[in-house]
2 protein chains.
Amino acid sequence: MTEDDEGLPLADRLARHIRTLLISGELAPGQRLSEAAFSERFDVSRNSLREAFRLLTKDGLLRHEANRGVFVTVPSMASVIDIYRVRRMLECGALRQAWQQHPAIRVMRQAVADGQKKRDAGDWVGVGSANMVFHTAIIDLSDSARLTEFYERISAELRLCFGLLNDPEHLHSPFVDMNDAIVTLVEQGKPAEAATQMETYLNLAERTMLKALERAEQA
Amino acid sequence: MTEDDEGLPLADRLARHIRTLLISGELAPGQRLSEAAFSERFDVSRNSLREAFRLLTKDGLLRHEANRGVFVTVPSMASVIDIYRVRRMLECGALRQAWQQHPAIRVMRQAVADGQKKRDAGDWVGVGSANMVFHTAIIDLSDSARLTEFYERISAELRLCFGLLNDPEHLHSPFVDMNDAIVTLVEQGKPAEAATQMETYLNLAERTMLKALERAEQA
DNA sequence: TATGGAAATATTGTTGAACAATATTGACAT
DNA sequence: ATGTCAATATTGTTCAACAATATTTCCATA
């Protein structure tokens, strides 16, 4: 735990730290997280650790089995389908009612430019990050703190899925140009078309993800 | 804690119990929840209680101030506006893509009938409950476990707002007939119209809520 | 050899006490 | 009445303990 404190309660800091381990894939899906081992590793009490575990369980990143401990969630086809259902609802909805001058649009445009640059440089991790910024900005179009927070949770769960894939970052590249088209439509004041495009995008992404997951499961 | 166990961990049971106290108004907005007092009251350790508090804080029902304790969230105009933004996104979205034969539609229709009966009997609490069932069923149209769970959280927060009002239950009555119109449109295979109606409904409900909250704040 | 089961071990679930750090209260002097 | 400082209470976190439940080990037996 070398990062910034911010004076937050220990359990929250712990949860954040463990979350980064989860989404970076340092903790593998299915892995059991022993209370003793982790409280030693982070040099905190079991009680504090358990609070953090509970928070992450509520976020769907960990799974809790009575008297057996907590495990890293193993993403399933069902969860992928559900997650994309949520994304269609939130992202398409945000686009559909987007106001042409919303500040988040600048962020979207910037993220697209960034993604293109990273792709041309062959920096696939960078492409993934830019893509993430892009979609977060779309949610910001809806100007709702609660939706933004909810999307963060969904987003973290999705990254858990990516952890199962063999060459995950490569997945994002084909979508950079679709992002471009979408933000352009929003800039042109065509929110309905943008939403439709996004639906196509998400359906495609979902299929790709499911196919990749299927391959990964067989292995 | 006289209710059912279900073998869930203590913190979860505690959180559920406290949540019912919150939404039923037995714990007033702004009130401080002393760890000592509540661990005594529920006959649990401070550690377990703190886990429960953290869960409820994540749900937005409690607010945590460092070194000062947890307080029942005081709903603000801003939170009401945000909550209705979420509801428009989720409920209108669910209606727009509703499949005409979805089982949740029966639940909606039943809830409408129930609400009308309760209203005619002057049972305002019953009207409120029926209304809640109706809107939860709308979310179920989207067939997403995550959206359903998220809506529960939003719903609980909204009930916290109702706790601030003087005669809260009375608020629901005018909406029973709008519910009727909406479910009828869905049954007729007109999801877009249903969504539009719902938007009108929610805008009206939001204004009513804000006005009532304004009155309550002055007092 | 394989299998079933019982004892031994490890892990989680929950508690209570302890203590440092911070916030609140109260007494006192001005 | 007001500001200051000590006294008190509360939260933040840890630790040690123990019951309850899982897992493993080991042995007897078919």
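Just so it is clear: chains get the letters A, B, ... in the order the sequence lines come, proteins before strands, and each one is counted from 1.
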Residues [X] and [Y] bridged, charged N to O under 4.0 Å:
X	Y	answer
A/Arg153	B/Glu149	yes
B/Lys117	B/Asp123	no
A/Arg159	A/Glu157	no

Discussion item. Do B/His64 and B/Phe53 have side chains that approach each other closer than 4.5 Å (heavy atoms only, starting at C-beta)?
Written reply: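 Side-chain contact under 4.5 Å: no.
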Discussion item. Can you confirm whether A/Leu171 sits close enough to A/Leu165 that some side-chain heavy atom of one is under 4.5 Å from a side-chain heavy atom of the other?
Written reply: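 Yes. Closest side-chain heavy atoms under 4.5 Å.
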Practice prompt. Tell me, with the steps shown, if B/Ile138 and B/Tyr151 meet side chain to side chain contact (heavy atoms under 4.5 Å, CB included).
Written response: CA-CA 10 Å; B/Ile138 288 181; B/Tyr151 187 77; over 6 Å; no
Fill in: Base versus backbone protein contacts along nucleotides 8-19 of chain D [heavy-atom cut-off under 4.0 Å; B, S, -]
--SBBBBB-B--
Worksheet item: Hey, are A/Asn47 and B/Arg50 close enough side-chain-wise for a donor-acceptor pair under 3.5 Å?
Response: no
Discussion item. Can you give me the dot-bracket string for DNA chain C, 5' to 3', counting Watson-Crick and G-U wobble pairs with both distances under 3.5 Å, using [ ] for crossing pairs and | for partners on another strand?
Written reply: ||||||||||||||||||||||||||||||
